[in-house]
Participant: 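The structure under discussion is supplied below as structure tokens; questions concerning it will follow.
Counting starts at 1 for both ligands and their atoms, in listed order. If you read the sequence from its start, that first residue is 1, and numbering goes on from there.
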Amino acid sequence: MEPLQLREVLMFALALVMVVVAVALAPDQIQTLPGCNSTCGNIQIPYPFGVGNSSTQPQQPCSLEPKFDLVCNNSNSNLLWGDLTVLSINVQAHQMDVMFWVAGFCNDSDYNNPWITTADFSISRKENKFLTVGCDSYGLLNSNYDNRTYSTGCLTKCYGNNVEIDNGTCSGIGCCQVDIPPRMRNITIAAEAFSNSTRDCSHSFVVKQDSYNFSTSHLQSFPYETLPLVLDWTVGERNCRSFESSRSEYACKDHSYCNDTDTDIGYRCTCDSGYQGNPYLGCTDIDECKTGIHTCISEQHCRNTDGSYKCVCLEGQSGNGTKGEGCYHKNAVTKVVIGIASAIVTLFVATTSLYLIYQKKKLSKLREKYFKQNGGSILLQQLSTRENSSQMTQIFTEEQLKKATNNFDESLIIGSGGFGTVFKGFLENNKIVAIKKSKIVDESQKEQFINEVIVLSQINHRNVVKLLGCCLEREVPLLVYEFVENGTVFDFLHTQKKVDSETWKIRLRIAAEAAGALSYLHSSASMPIIHRDVKTANILLDNSYTAKVSDFGASRLVPLDQTEIATMVQGTFGYLDPEYMRTSQLTEKSDVYSFGVVLVELLTGEKAHSFCRPEEKRSLSNHFLSCLKEDHVFDVLQVGMVNKENEKEIIEVAILAARCLRLNGEERPSMKEVASELDAIRQKEMHPWINRDQNVEETQHLLHESSSSIYERDEDSCSHQNTGYDSIRDRILFALDNGR
Ligand SMILES: *[C@@H]1O[C@H](CO)[C@@H](O)[C@H](O)[C@H]1NC(C)=O
Ligand SMILES: *[C@@H]1O[C@H](CO)[C@@H](O)[C@H](O)[C@H]1NC(C)=O
Ligand SMILES: *[C@@H]1O[C@H](CO)[C@@H](O)[C@H](O)[C@H]1NC(C)=O
Ligand SMILES: *[C@@H]1O[C@H](CO)[C@@H](O)[C@H](O)[C@H]1NC(C)=O
Ligand SMILES: *[C@@H]1O[C@H](CO)[C@@H](O)[C@H](O)[C@H]1NC(C)=O
Ligand SMILES: *[C@@H]1O[C@H](CO)[C@@H](O)[C@H](O)[C@H]1NC(C)=O
Ligand SMILES: *[C@@H]1O[C@H](CO)[C@@H](O)[C@H](O)[C@H]1NC(C)=O
Ligand SMILES: *[C@@H]1O[C@H](CO)[C@@H](O)[C@H](O)[C@H]1NC(C)=O
Ligand SMILES: *[C@@H]1O[C@H](CO)[C@@H](O)[C@H](O)[C@H]1NC(C)=O
Ligand SMILES: *[C@@H]1O[C@H](CO)[C@@H](O)[C@H](O)[C@H]1NC(C)=O
Ligand SMILES: *[C@@H]1O[C@H](CO)[C@@H](O)[C@H](O)[C@H]1NC(C)=O
């Protein structure tokens, strides 16, 4: 190698070293006043702390205030604050770590009771804990400032040797610890032992968190004389507000601000955002572009400003130069924008239409699934074999019915119960309909649903509610009925205010019409139908109080060659045939029983079953029968309905009801007989001169039949109002079912 080259290489290396040194020193902020030592050993001494006087003229103290004066022992590089050894100083956190003595108590006497005499700095409550190590001992941490003394501390008692002490954690036995209260200044620490418990020494100390680990061996011999402790410091004795008027002695220099939250004496200085350094000497701007904390695409696009920075684009380019937006060529912009926009639009249109198609397919698949699940195919098959019924029963789409009910609006609900909800609906041809929405769909209810559709599609009777159609495209199938305006007989009975003989005429007609409808069902030519849930709530009334039997959800078709079928007992409490309940054998006579209860309801105006009544009267039918037995029929008849003209026919209906309610089904009249008897009674009422004798004969026959046994009176079950119809009362001695 040529000597010249060597020299050049050396020069280059030297230059390189200088650059490296410069770069390494650059971020190292100046932390002391000029002419002051910045370190003692390897401990940094940032301003406002300082050691001695500056070496430059004029000589001035290196610290801001006497309380920040430190002493450096150059022979052992020990930095001292008073007589405490300093470990480190932090200007940003305003903290100083020092070594502080441990208080001890041995052989019935203190051997150390350390204190910090100055009130200038307080014990950091965030960074420190107060601990006492020992058995049967306690420690005190006292603060005395402004003539106010207060103490905290903790105690630990072991009561002998057999206590398990956790090794490694300060759990409370053998070692206890407490948090430091705020603003503890001018402290003293004392370790004490409970008297006569001088087995071991005890030690108390304030220590920086995680700088002391307890060990059970510390109970026998404590290894530390001093432990680290953190002090909080502030400058001055004034608060920030006091500088608003006068800035003299204000310690916060350029680009810094004053903060005195959480301080009782003095204040702290902090650099403004975007600035760094020592606020007590003046903060300098942070070059965000160089330090890489900017959000520009690159350092070339970054321009540092005082306290901040900005991103720029090169000439001829657009954008704000941030990583989010970037920079781009101006004429490319429009192209890119148009390209992106059209791509987005195309993509949007494509996905939307695909999604819509998918949704539509999914919906129609779902509808198809429900249609099948709801037995739509069975129904269609059934309907196709009946030409006349298929004309009547219409299959509605879900859309039609949603429209008709304003998407099942709650204000259109006209009834609800265990079966589901009934909505009032308006079809497109302005026809008003009732739409029944079943509640849950399980396998058995699906059957019931199809059942009702099939049963009703076969019937065309003026006293049976007409099924117009159904909708099977939903998870919950829907039935569409003719709309019957005047509610149920149940509501009619139990909301009526005025009761007179006219009332009775209407009720008798309702009874006769309902009986006619049930009789028609029982004797239906193709297959008899048992309703199974005859009750006043299932008989509807139209404008002219024409009765219409409804709710065929539980109805059963009885094949012609069978007279009874075994089923699960089902029906409504208060109307249930006791024989059916016992045997589970369903016959037409179960409907007769239920109809008997309906008759009693019409006669008494009472509910079939009510917990509001005393126990013996809860079941209306039982109460009615016992009153009849005891010859007090007028006590149970509704007050106001009976007069001289109609008393006989009312009694006849009462007797008919009692026959319907016989325990033995075979002894009950058939629905046909009931219907014709009711018709006869009505005829007589309308044309009093017809058939009078025949009826008297019939009644007497009845009375004769029923007088075969006589019952004792049960004083409690009937009230004894004197209704003034003794002559009739005398005539009624019924033989009803026995075995009650
Ligand atoms: C600064 O430190 C040096 C040794 O590092 C010492 O000789 C000198 O006296 C110190 N100056 C002051 C002002 O303490
Ligand atoms: C520092 O200077 C002050 C006067 O500015 C003087 O009173 C003091 O004695 C000096 N201290 C030391 C340690 O030199
Ligand atoms: C400095 O440290 C040495 C060695 O530990 C000690 O002998 C001396 O007394 C100390 N000087 C001062 C001023 O504390
Ligand atoms: C306590 O006193 C006993 C004798 O009285 C002595 O042997 C022991 O060293 C003392 N312990 C301490 C810690 O001073
Ligand atoms: C510090 O406490 C001592 C007693 O422990 C007391 O005499 C002294 O006045 C206190 N200092 C201040 C500044 O309150
Ligand atoms: C504390 O009490 C002493 C004596 O009672 C009194 O002289 C002194 O001024 C008081 N200090 C403060 C800060 O109140
Ligand atoms: C402590 O010891 C003294 C004498 O040694 C005795 O009189 C006193 O009762 C003891 N106290 C307790 C609490 O054991
Ligand atoms: C205390 O224990 C933890 C975890 O074991 C360890 O990291 C830490 O250095 C220990 N501190 C001291 C002062 O021994
Ligand atoms: C507790 O731990 C220390 C060190 O981890 C060990 O020296 C000492 O024997 C332990 N004490 C017990 C009772 O295990
Ligand atoms: C002021 O100091 C408190 C306590 O250290 C701190 O929580 C707060 O954020 C500081 N306020 C400002 C504006 O920096
Ligand atoms: C730059 O543009 C992006 C995206 O438009 C925006 O989020 C960001 O706030 C802008 N930055 C500046 C400094 O204007």
Participant: For ligand 8, which atoms sit closer than 4.0 Å to a heavy atom of Ser211?
Facilitator: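 Selected atoms, number and element: 13 (C).
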Participant: Please confirm whether Asn76 approaches ligand 3 to less than 4.0 Å, judged on its heavy atoms.
Facilitator: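 Contact present.
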Participant: With sequence neighbours left out, what residues match Glu410 under side-chain contact (heavy atoms from CB on, under 4.5 Å)?
Facilitator: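 Applying side-chain contact (heavy atoms from CB on, under 4.5 Å) to Glu410 gives Ile413.
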Participant: Please report the interatomic distance CG(Asp232) to NE2(His94), rounded to the nearest 0.5 Å.
Facilitator: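 Rounded to the nearest 0.5 Å, the CG-NE2 separation comes out at 10.0 Å.
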Participant: Looking at Phe194, I'd like to know if the NZ or CZ of Lys157 sits under 6.0 Å from its six-membered ring centre while staying within 45 degrees of the ring's axis.
Facilitator: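 Yes, cation above the ring, under 6.0 Å and within 45°.
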Participant: Relative to the heavy atoms of Ser75, which atoms of ligand 3 are at a distance of less than 4.0 Å?
Facilitator: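 Those atoms are 1 (C), 2 (O), 3 (C).
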Participant: Could you tabulate the donor-acceptor pairs under 3.5 Å formed by side-chain atoms of residues 128-135, not counting sequence neighbours?
Facilitator:
| unit_1 | atom_1 | unit_2 | atom_2 | d |
| --- | --- | --- | --- | --- |
| Asn128 | OD1 | Val230 | N | 3.0 |
| Asn128 | ND2 | Ser124 | O | 2.8 |
| Asn128 | ND2 | Val230 | O | 2.8 |
| Lys129 | NZ | Asp179 | OD1 | 2.4 |
| Thr132 | OG1 | Gly139 | N | 3.3 |
| Thr132 | OG1 | Ser204 | OG | 3.1 |

Participant: For residues 346-356, run the donor-acceptor check on the side chains, cut-off 3.5 Å, and write out each pair with its distance to 0.1 Å, sequence neighbours left out.
Facilitator:
| unit_1 | atom_1 | unit_2 | atom_2 | d |
| --- | --- | --- | --- | --- |
| Thr346 | OG1 | Ser342 | O | 2.5 |
| Thr351 | OG1 | Leu347 | O | 2.6 |
| Thr351 | OG1 | Phe348 | O | 3.0 |
| Thr352 | OG1 | Phe348 | O | 2.5 |
| Ser353 | OG | Val349 | O | 2.8 |
| Ser353 | OG | Ala350 | O | 3.0 |
| Tyr355 | OH | Gln359 | NE2 | 3.2 |

Participant: Could you list each nitrogen or oxygen of ligand 10 that sits under 3.5 Å from a protein nitrogen or oxygen, with the atom names and the distance?
Facilitator:
| unit_1 | atom_1 | unit_2 | atom_2 | d |
| --- | --- | --- | --- | --- |
| ligand 10 | 2 (O) | Asn259 | OD1 | 3.3 |
| ligand 10 | 2 (O) | Asn259 | ND2 | 2.4 |
| ligand 10 | 2 (O) | Thr261 | OG1 | 3.1 |
| ligand 10 | 2 (O) | Arg268 | NH2 | 3.3 |
| ligand 10 | 5 (O) | Arg268 | NH2 | 3.4 |
| ligand 10 | 11 (N) | Asn259 | ND2 | 2.8 |
| ligand 10 | 14 (O) | Tyr257 | OH | 2.7 |

Participant: Measure the NZ-OG1 distance between Lys437 and Thr405 for me, rounded to the nearest 0.5 Å.
Facilitator: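 One gets 8.0 Å once the value is rounded to the nearest 0.5 Å.
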Participant: At what distance, to the nearest 0.5 angstrom, does CD of Glu192 lie from OG of Ser137?
Facilitator: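 Separation between the atoms: 10.0 Å.
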